[in-house]
There are 2 protein chains.
Amino acid sequence: MQYRAIVRILGLLVALFSVTMIPPALVSLVFQDGSGLPFLLAFILCLVTGILIWYPNRRYREDLRAKEGFLIVVLFWTVLGSFGALPFLLLEQPGMSITDAFFESFSGLTTTGATVIEGIDYLPKAVQFYRQQLQWFGGMGIIVLAVAILPILGVGGMQLYRAEIPGPVKDSKMTPRIADTAKHLWYIYLSLTIACTVAFWLVGMNLFDAICHAFSTVAIGGFSNYDASLGHFDSVGVNLVCVVFLWIAALNFALHYGAVSGRSLKGYFYDPELRVFFIIQFSLVFVCFITLVEYSWFADAGIALDQALIQSVSVSTTAGFTTTDFAHWPAFLPIMLIFSSFIGGCASSTGGGLKVIRIFLLFLQGKREVNRLIHPKAIYSVKVGGRALPDRIVEAVWGFFSAYAMIFVIVMVCLIATGMDDVSAFTATAATLNNLGPGLGSVAGTYADVSDSGKWILVLAMLFGRLEIFSLLVLFSPTFWRS
Amino acid sequence: MQYRAIVRILGLLVALFSVTMIPPALVSLVFQDGSGLPFLLAFILCLVTGILIWYPNRRYREDLRAKEGFLIVVLFWTVLGSFGALPFLLLEQPGMSITDAFFESFSGLTTTGATVIEGIDYLPKAVQFYRQQLQWFGGMGIIVLAVAILPILGVGGMQLYRAEIPGPVKDSKMTPRIADTAKHLWYIYLSLTIACTVAFWLVGMNLFDAICHAFSTVAIGGFSNYDASLGHFDSVGVNLVCVVFLWIAALNFALHYGAVSGRSLKGYFYDPELRVFFIIQFSLVFVCFITLVEYSWFADAGIALDQALIQSVSVSTTAGFTTTDFAHWPAFLPIMLIFSSFIGGCASSTGGGLKVIRIFLLFLQGKREVNRLIHPKAIYSVKVGGRALPDRIVEAVWGFFSAYAMIFVIVMVCLIATGMDDVSAFTATAATLNNLGPGLGSVAGTYADVSDSGKWILVLAMLFGRLEIFSLLVLFSPTFWRS
Ligand SMILES: [K+]
Ligand SMILES: [K+]
């Protein structure tokens, strides 16, 4: 393992991350909320630490192999998540425990969007802004991870998206390729954010709210600078803008990349995952709408449609914005929405969950099994978009699915061991592993009442979810650490 | 499809099944409980219907193909389950609705052991006996299904146990092979039942109770002729006998078959599934024991060990006998035990759940995925007991796992739609799909309070579990019904 090359990159990342403390400091200056100092302090701490880590290792610029790739990916989230907790620790308002500071920071950076803060409305503007910004940078990290890194590492069948590369990847080409792809994705992500900000502003938000919510919308993060989340605005326009941008952000960013570089929308029309995604979306909205109307849950069908749309899109894309108390919706709706978050967004989007393509592949493989049982001698392959998939990819997807289930059971049992009730434990596990945010029961609103040990377990679940299980799981294998 | 050949076999089965009404009638005679008539009536109805179905088709003795195999397997449980409901419908005590009669019959025959009857202690002896006997015949059916039929059909990777047969099975040899294997299994099953009866009798049960509980122990069914289940006896001896015979019944019956025909115990020592099974069993007992002692749940450690042993074995093998109110055990124990029922017994046992071998294969495949990620160019295979498994089998296991998960979610959401609360719905789904029996929440005791629609959904879940999902799922494929 080329440890010093890894440490060098980490140092750079931390130094670079220090810059993210500047915008909140500026916000503080603008609004005169008196919370600028902690951010300046955090800036200096990050910058100095980063440089101190980087400087002694600055000459170790070796190209990295898959193994180092995994370590960097895991360290990226854990180290930045930890430094991201700095401002929360330094701030006097809210005065947060170490556990809470780490929980909030990891929840932000992994775009989970579960919060331990009650009274967000009364936080200094700079803190409100910082939380949203954490999600935005987290979302950016996910896109680069999902489009540029995971396909090369081959996690959970994502080599499916290794595109043009035939055969095993040349190790030596890894770093420049990632850097180039990342740059392009960055432009797309930034443009989407600006468009979303303008749209939110046009439907009536003030500029500050618009930026804050654009951050957490394109990141499918779900943080809001109001305790009532999107419900604060009580506006069909806001809900619609949110839905549209959640849908865009939940699509495969490689599609957006293709559309921009090829100047054509054709890619969208031929993508099988996109089609399945929208079938699922419309089905969910439809079922919610019909059930809400059936139960006369809202005053009229218009409100029911608005709420069915925003809540089912918000939960199923794993954003987790709330406009209404969906946890108490009638019949099977709450649990159905929680289950829909297991599907989540498309691969290489900012959404969480198992990802639409994997669910689709599982479904196709299930169909293949049925056909094989009926005609044992025939040969069936799993075809997506007209081409047969190698068994290697299908196997990786299975592995992903069962590892997900295993982690799910372990996390849930551990949570119950900390004293959480069954429903809260089940949905809290789903909400963190799927990077969704809100659960049901005692975690339907905030996670403030969860025990400290419970919070740390949930932080681990967020990481497992965001790192697509296997990126983190490989570190637990002895083989990984053998030279 | 050779429908008339299938109908002929069905007729024979129903006629044969009529004989199972005789022993309860005799029991009624012995105990003079006045409930003999309904059983005699049911006997005549079954016999006449069976003969009427069989007679016109008696000449259609064609050999059957895989397709017909699936249909017969599904019809075996649905038709016999329906005829098994007859006595419940004809009896005055208990006066049962159609739904309840079918629920009780299917729960018995699939060895699920969930009951809708409250006041079992006060039922006529004949009815008590009939319930236990249903489980016993169900267990017999499962063994034949699992050892002789599923490996040939290749459901859920069970072609792993196709033993000596190289390449695809000759269709024409199917019927005689099954008949021969079934005969041998029958002897083993019968011997085990007699041994279990004697053992129960030796530790203090009367003969009637001993026979009744031996029936539901070797079938891993979990019915009891007492409302308090095994707890009625409050006896360490009874618990120990039950544990030992549950363990024997939860092993692969092909191992027993091999031991009997080869007159050697060697097979047991070299079976990797058996080893994993006992590792899981001892771990569960250990965790339950430690936790119960930690919480000082029982008066002394001896009682804690006794209860930890019987309850964790009873739930994890999917028997579902209760000796104490384990649903209210402290901390994570209830949910851990419910989760353990997903693992269940070994393949080709009377136990339910996903089966130990499949969980083991999923674990090995997960390990392979991790290794593949670390060394992308190396070739790894999944090895069980020294031999590498064909990918075909591993794929079938994956298919099984995800189909199980899919059915689970659908059943649970449907139950909640009928008005059941989340915890009860979750555990009721697990308890029926895993053929376990008792759940938590409102279904911790009996299923009497479940709505009618809920009961029918649960009957379907029992069938899906017992038929290893795919045997039933293939019938939903249009391909299946095309000539
Ligand atoms: K989220
Ligand atoms: K059972």
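The structure displayed is predicted, hence computed values, not measured ones. Below, each value reflects all heavy atoms present in this structure, side chains not excepted, and no hydrogens, waters or symmetry copies. Here is how names work: the chains are called A, B, and so on, in the same order as the sequence lines, proteins then strands, and each is numbered from 1.
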Heavy-atom distance under 4.5 Å to chain A: side chain of [X], backbone, both or neither?
X	value
A405(B)	side chain
Q365(B)	side chain
F363(B)	neither
M406(B)	neither

(message) Taking every non-hydrogen pair under 4.5 Å, which of I374(B), D421(B), I416(B) racks up the most with chain A?
(response)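 Top option by heavy-atom pairs under 4.5 Å: I374(B).
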
(message) Quick check: closest heavy atoms across V423(B) and V423(A), and the distance to 0.1 Å?
(response)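 Closest pair (atom of V423(B), atom of V423(A), distance): CG2-CG2, 3.4 Å.
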
(message) How close do F332(B) and A417(A) get, counting heavy atoms only, and between which atoms?
(response) CD2-CB, 3.4 Å

[X] portion near chain B, given a 4.5 angstrom heavy-atom threshold:
X	answer
F342(A)	neither
L373(A)	both
I359(A)	neither
M412(A)	side chain

(message) With a 6.0 Å cut-off (strictly less than), is the heavy-atom count around NE2 of H328(A), excluding the residue itself, greater than 12?
(response) no

(message) So for atom OH, which belongs to Y3(B), do other residues, nucleotides or ligands contribute more than 12 heavy atoms lying within a distance under 6.0 Å?
(response)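 Yes - once you tally the heavy atoms of other residues, nucleotides and ligands closer than 6.0 Å, there are more than 12.
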
(request) Under 4.5 Å, counting heavy-atom pairs only, tell me which of V409(A), L362(A), L473(A), L415(A) racks up the most with chain B. (result)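 Heavy-atom pairs under 4.5 Å are most numerous for V409(A).
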
(request) Tell me, out of D422(A), L333(A), T427(A), who's got the most heavy-atom pairs with chain B below 4.5 Å. (result) D422(A)

(request) Determine the interplanar angle of the W398(A) and W398(B) rings, folded into 0 to 90°, and report it as parallel if under 30°, tilted if 30 to 60°, perpendicular if over 60°. (result) parallel

(message) Just verifying a value: how many Å separate R358(A) CZ and S402(B) OG, rounded to the nearest 0.5 Å?
(response)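 Interatomic distance, R358(A) CZ to S402(B) OG, rounded to 0.5 Å: 14.0 Å.
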
